[in-house]
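Since we're looking at a predicted model, the values are computed, not measured. Note that these values count all heavy atoms, side chains included, but never hydrogens, waters or copies made by symmetry. In what follows, every chain begins at residue 1, and chains take the letters A, B, ... in the order their sequences are listed.
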Amino acid sequence: MNEKYIPSEVEAKWQKEWAKENSFATEINRQRPEYYVLEMFPYPSGKLHMGHVRNYSIGDVVARHKKMQGYNVMHPMGWDAFGMPAENAAIKHGVHPADWTWDNIDNMRRQQQELGLAYDWDREIATCHVEYYKWTQWMFLLFYNKGLAYKKKAAVNWCTECNTVLANEQVVDGHCWRCDSVVVKKELEQWFFKITQYADRLLEDLQELKGWPERVKTMQENWIGRSTGAEFSFVVPEIQEKIAVYTTRQDTVFGVSYVVLAPEHPLVDKLIAGKEQEEAVRRFIDRVKDLSEISRTSTETEKEGVFTGGYAVNPFTGEQVPIWVANYVLMEYGTGAVMGVPAHDQRDWEFATKYHLPKRLVIQAPDNGLSIDTITCAYDGPGVMVNSSDFNGMDNEACKEAICLWMEERNIGKRRVNYRLRDWLVSRQRYWGAPIPMIYCDTCGVVPVPKEDLPVMLPKNVSFSAGSVSPLAKVEEFVNCTCPKCGGAARRETDTMDTFICSSWYYFRYTDPRNTSQPFDSAKANYWMPVDQYIGGVEHAILHLLYARFFTKVLKDAGLINIGEPFKNLLTQGMVIKDGAKMSKSKGNVVSPEEIIAKYGADTARLFILFAAPPERDLEWSDQGVEGAYRFFGRLWRIVDHYAACAASAEAEYDVNSLDKQERELRRVLHVTIGKVSEALGERFSFNTAISSIMELVNAMYAFKEHGTQVNSGVIREVISALLRLLAPFAPHITEELWHETIGQGSVHEQSWPEFDAEAVKVDETEIVLQINGKVRDKIIVPVGLGAAELEAKAFEQEKVKEFVAGKTVVKVICVPQKLVNIVIK
RNA sequence: GCGGUCGUGGCGGAACGGCAGACGCGCUAGCCUCAGGAGCUAGUGGGAGCAAUCUCGUGGUGGUUCAAAUCCACUCGACCGCACCA
């Protein structure tokens with residue numbers, strides 16, 4: 001065995017070997033429990049970054065550990081390969097997006113292999129492959145046929161840099177999630193998926209997700225934004241129209257002093273036509289529309305509005321109230337119109353104060369302390385109804401219900417549930433995506449491409465230039481087609497799909513990646529799904545993770561699968577940070593995985609990343625920490641080298657009773673370690689503590705080595721065998737090499753997980769802490785299993801205890817066997 | 001404003017309510033060495049003391065408990081998400 005640890009030699013050697021064996025290919029096997037571990041597949045940007053390394057290292061440990069535990073593990077990898085950067089590269093450098101993408105995939109796959117990641121490469125997929133996007137198109141048709149895909153004209157988010165529309169989820173603080181440039185509103189006709197139809201189930205089923213971080217569930221909950229209230233209408237007699245309003249505070253209807261419309265509200269025109277206010281209202285609306293989305297919806301922005309000149313009738317009181325238009329009312333939420341109750345809504349309060357609109361108190365606080373003349377802000381607490389006709393005296397919460405009944409009886413309104421969630425805008429005016437399989441025919445209208453005609457191939461010969469027209473629109477051969485219904489001349493849809501559609505079902509495709517007749521076989525999907533452990537960044541909390549849940553529910557309803565949630569357990573890994581900031585080119589603080597692997601090897605890179613912080617927390621990069629991980633492997637190598645011959649020559653079976661004290665102690669530490677590592681890799685995924693206990697075991701081996709030359713080779717073999725198996729999921733290469741140098745047969749990765757021997761960790765004596773009034777004053781060594789009474793007696797025999805107790809009264813004695821004695825004195 | 005997460009040595013981080021600081025980094029000393037930015041061994045929270053030992057210490061203030069980093073209340077700070085959502 002080589003005396004020195006040379007990672008490059010060891011790693012190259014085993015990577016070659018593993019590739020030859022295709023060791024991580026999996027098939028359905030009903031003899032063993034299945035386990036599906038998945039890392040979010042990457043966009044093939046060209047190179048792996050440390051975030052990827054962290055993501056895949058975590059997944060790899062889980063996969064390898066579960067396999068050693070006897071699970072039938074599926075651990076696949078693939079490519080989220082459609083998307084903007086490929087197209088930008090085409091515009092900038094004249095490379096075709098397809099060539100650019102496939103080259104990048106090759107490079108990143110090579111890097112993953114250099115990390116020693118245990119993937120089933122037979123299942124590799126790429127969403128830009130025609131055999132994949134054919135089924136993405138099939139999915140689109142499924143949604144269309146279920147009435148879940150539709151086209152509508154709406155004010156949509158437009159990224160000026162990407163030259164395409166974006167879904168609401170993809171706009172972050174008014175900026176594009178990918179390129180960070182400002183997003184503007186544009187009135188366009190676009191394709192949508194009806195995710196709002198699933199809003200309730202997406203919300204309710206969050207409760208099922210016991211294995212998801214609270215944070216992610218809350219974010220989804222916020223995003224869906226369910227609220228319950230009522231909808232009813234104010235009649236506007238002069239134009240014979242009704243203004244519907246949505247409110248969660250139907251208990252305050254008697255306090256309405258005005259109605260406000262969003263500037264975009266369709267009734268505004270009719271209402272102001274011919275009035276003296278018309279000019280002023282139009283000027284106001286034009287000004288508000290010019291404001292960016294961010295400033296328009298900011299809480300900082302001052303509430304502004306204008307009177308329309310019109311009046312509406314409050315159906316509860318018969319009163320006429322003025323109708324205003326104001327910037328703080330959003331057309332997209334509720335009905336685009338709200339009732340103004342200044343006394344009980346802070347926004348209305350501010351608005352009414354500014355424009356001298358009347359305020360009426362309709363809920364009195366429990367202490368009777370509210371008077372409309374003295375309060376200085378809206379009261380939104382609980383209380384008793386006042387100034388509310390028949391509802392006076394009622395508790396306001398109960399009143400909410402009573403008002404609903406009253407409305408429903410008279411048929412003037414109803415209960416309503418509202419969501420913040422909007423439908424998912426799925427069309428994109430870009431080339432590098434899956435073409436939307438729709439055809440426009442002058443005679444037949446919108447016609448879906450028949451499933452048997454799929455795929456709608458993405459043409460290769462396209463000219464790329466920056467601009468707002470989808471490149472596909474300029475490809476005559478693509479656009480012109482025949483109508484599948486009437487056979488007449490027709491045009492293809494030239495938009496492609498949001499790449500989040502591609503990534504919404506890829507985890508199903510892994511279960512049956514080469515199927516040519518359907519997206520996947522249901523039996524296979526049902527065998528593997530749901531994903532037992534999903535791992536990825538938290539940035540997808542309400543993007544990919546919400547879309548994927550939506551897709552899963554639709555596929556379930558379509559009878560394709562029998563599960564309602566795709567990801568049983570979710571681990572959101574933290575970012576990799578350097579000098580306090582996320583690694584990024586612009587900050588110049590990037591450490592490339594390539595560099596680290598070349599210098600220290602993949603095992604070191606993996607070990608450092610897993611050891612430096614718990615997986616869900618941010619990880620501060622430390623070059624010295626990397627050195628430390630490397631040093632540990634050197635230490636491991638030398639100690640195993642020292643005992644290699646001894647271990648290799650030993651029999652696997654030996655008499656545990658023949659061990660001397662030091663050997664017993666070493667064996668005890670081994671089994672303590674097995675226990676700790678097993679526990680740490682169980683539910684908790686605290687890889688850092690798992691590694692620290694393995695380090696302690698190695699330290700114990702060095703301590704043992706100090707003690708002499710005569711050793712029982714059996715225990716040495718047991719220790720090395722178990723040590724290498726414990727470490728194998730973290731550092732696959734070095735453990736494989738050392739395994740072959742010592743234990744020998746087969747691959748360490750084909751071995752079973754070490755078994756914990758409870759007998760081995762038993763000790764004869766244990767240390768007991770003696771406390772006086774909760775403070776540690778002494779420690780004694782006592783035989784294990786000493787009862788409380790004996791322990792107490794022993795404690796009082798101690799000189800130190802006697803000193804403390806002398807002249808005092810013993811109030812109480814607490815004995816925790818095996819742990820401590822606490823004597824309370826006064 | 002609403003919701004979530006989190007505050008522990010010089011640093012990354014450990015601690016089923018039971019010895020705070022495991023493990024690693026850094027630092028110090030000794031050994032080994034021609035040498036070492038290699039390796040091995042030992043030490044390493046602050047303060048006091050020659051020492052045994054004492055004392056303070058997990059953002060802050062209270063509380064529960066024999067016992068609190070851990071549980072509860074309030075508070076301060078950091079980060080994240082949503083935010084004029086009616």
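A:Arg347 forms no cation-pi arrangement with A:Tyr328, by the criterion of a distance under 6.0 Å to the ring centre and an angle within 45° of the ring axis.
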Go through the steps to decide whether A:Gln170 and A:Arg178 satisfy the test side-chain hydrogen bond (donor to acceptor under 3.5 Å, both in side chains), and finish with yes or no. CA-CA 8 Å; A:Gln170 295 155 27; A:Arg178 208 183 253 287; over 6 Å; no
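When the P atom of B:U55 is taken as reference, atom CD1 of A:Ile772 falls 12 Å away, rounded to whole Å. The nearest whole Å value for the distance from the CG atom in A:Leu727 to the P atom in B:C23 is 17 Å. One atom, CZ of A:Arg249, and another, P of B:C84, lie 19 Å apart when rounded to the nearest Å. Atom-to-atom, CG of A:Leu636 to C1' of B:G24 comes out at 16 Å; the value is rounded to the nearest Å. At whole-Å resolution of the value, OH in A:Tyr5 and P in B:A38 are 18 Å apart. Atom NZ in A:Lys779 sits about 10 Å away from atom P in B:U53, given to the nearest Å. We find that CG of A:Leu697 is positioned 16 Å from C1' of B:G24, with the value rounded to whole Å. One interatomic measurement links the two molecules: CG of A:Asn822 to P of B:U65, which rounds to 15 Å at whole-angstrom precision.
A:Asn327 comes within 4.0 angstrom of a nucleotide base, judged by non-hydrogen atoms across all strands. If you check every strand for non-hydrogen atoms under 4.0 Å, A:Glu767 touches a base. A:Phe351 comes within 4.0 angstrom of nothing in the nucleic acid, heavy atoms only. Backbone-only contact: A:Asp618 has heavy atoms under 4.0 Å from sugar-phosphate atoms and none from a base. Within the 4.0 angstrom heavy-atom criterion, no nucleotide atom of any strand lies near A:Pro213. Among the heavy atoms of the strands, none lies under 4.0 Å from A:Glu620. Note on A:Gly628: only backbone sugar-phosphate atoms sit closer than 4.0 angstrom, heavy atoms only; bases stay farther off. Heavy atoms of A:Val538 sit nowhere under 4.0 angstrom from any nucleic acid atom. Note on A:Lys800: only backbone sugar-phosphate atoms sit closer than 4.0 angstrom, heavy atoms only; bases stay farther off. No engagement by A:Glu231 is indicated, since no non-hydrogen atom pair under 4.0 Å with the nucleic acid exists. Here A:Ser622 lies out of heavy-atom contact (under 4.0 Å) with every strand. In this structure, A:Glu350 reaches neither bases nor backbone, as no heavy-atom distance under 4.0 Å exists between it and the strands shown.
Contact check, A:Arg215 against B:G3: no side-chain N or O comes under 4.0 Å of OP1 or OP2. Between A:Arg777 and B:U55, a side-chain N or O to OP1/OP2 separation shorter than 4.0 Å is present. Here A:Lys705 does not reach the OP1 or OP2 of B:U41: none of its side-chain N or O atoms lies under 4.0 Å away. Between B:A14 and A:Arg684, no contact under 4.0 Å exists linking OP1 or OP2 to a side-chain N or O. Contact annotation: A:Arg617 reaches the phosphate of B:A14 (side-chain N/O to OP1 or OP2, under 4.0 Å). The side chain of A:Asn688 contributes an N or O atom lying less than 4.0 Å from OP1 or OP2 of B:A14. A sub-4.0 Å separation between OP1 or OP2 of B:C25 and a side-chain N or O of A:Arg631 is present. Put simply, A:Tyr702 has no side-chain N or O that comes within less than 4.0 Å of OP1 or OP2 on B:U41. Side-chain N/O atoms of A:Arg635 include one lying less than 4.0 angstrom from OP1 or OP2 on B:C40.
Nearest to the side-chain atoms of A:Asn222 among the listed nucleotides B:C82, B:A14, B:G18 stands B:C82. For A:Ser692, the side-chain atoms get nearest to B:A22 when compared with the rest of B:A22, B:C25, B:G81. Considering only the side chain of A:Phe611, B:G24 comes nearest among B:G13, B:G24, B:C82. Taking every side-chain heavy atom of A:Lys819 into account, B:G18 is the closest of B:C85, B:G18, B:C66. Here the side chain of A:Ile814 is nearest to one of B:G39, B:C66, B:G4, namely B:C66. Set against B:U41, B:A86, B:G24, the side chain of A:Glu706 has B:U41 as its closest nucleotide. Comparing atom distances between the A:Val776 side chain and each of B:C19, B:A86, B:C82 picks out B:C19 as nearest. Taking the side chain of A:Arg347 as heavy atoms from C-beta on, and the options B:C85, B:G26, B:C23, the nearest nucleotide is B:C85. Closest contact between the side chain of A:Tyr333 and the listed nucleotides B:C80, B:A15, B:A86 involves B:A86.
Side-chain atoms of A:Thr196 and A:Asp423 include a donor-acceptor pair closer than 3.5 Å.
B:C25 is paired with B:G10 under the criterion used here, namely a Watson-Crick or G-U wobble arrangement in which both key atom distances are under 3.5 Å. Using the Watson-Crick or G-U wobble rule with both distances under 3.5 Å, B:C34 pairs with nothing in any strand shown. For B:G3, the paired base is B:C80 (Watson-Crick or G-U wobble, both distances below 3.5 Å). In this structure, B:G17 makes no Watson-Crick or G-U wobble pair, since no nucleotide meets both defining distances under 3.5 angstrom. Figure legend. B:A86 is base-paired to no nucleotide; pairs are counted as Watson-Crick or G-U wobble with both atom distances under 3.5 Å. Pairing of B:A52, defined by two Watson-Crick or G-U wobble distances under 3.5 Å, is not identified with any nucleotide. Checking B:C71 for Watson-Crick or G-U wobble geometry (two distances, each under 3.5 Å) identifies B:G63 as its partner.
Aromatic ring centres of A:Trp637 and A:Phe632: separated by at least 6.0 Å. The distance between the ring centers of A:Trp424 and A:Phe500 does not fall below 6.0 angstrom.
Taking atom C1' on both B:C27 and B:G10, the two are 9 Å apart, rounded to the nearest angstrom. B:C82 and B:U64 have their P atoms separated by 41 Å, given to the nearest Å. Across the P atoms, B:U44 and B:U61 are found 29 Å apart, a figure rounded to whole Å. For the P atoms, the distance linking B:C54 with B:G59 amounts to 25 Å, nearest Å. The separation of B:A52 from B:C34, taken at their P atoms, amounts to 38 Å, rounded to a whole angstrom.
In this structure, A:Lys400 pairs ionically with A:Glu397, as a charged nitrogen and a carboxylate oxygen lie closer than 4.0 Å.
Test A:Tyr630, A:Phe687, A:Phe633, A:Trp621 against A:Phe608 for ring-ring contact (aromatic ring centres under 6.0 Å, His included) and you get one pass: A:Trp621.
With contacts defined as side-chain heavy-atom distances shorter than 4.5 Å, the pair A:Val216/A:Ile542 does not qualify.
Applying the 90° cutoff around 0 to the glycosidic angle, B:G9 is assigned syn.
For A:Lys4, the NZ atom is loosely surrounded, since the number of other residues' heavy atoms within 6.0 Å does not exceed 12.
Where A:Glu696 and A:Lys812 meet RNA chain B, the nucleotide closest to each residue was compared, and A:Glu696 sits on the side nearer the 5' end.
A:Thr308 contributes a side-chain N or O that, together with a main-chain N or O of A:Ile323, makes up a donor-acceptor pair within less than 3.5 Å.
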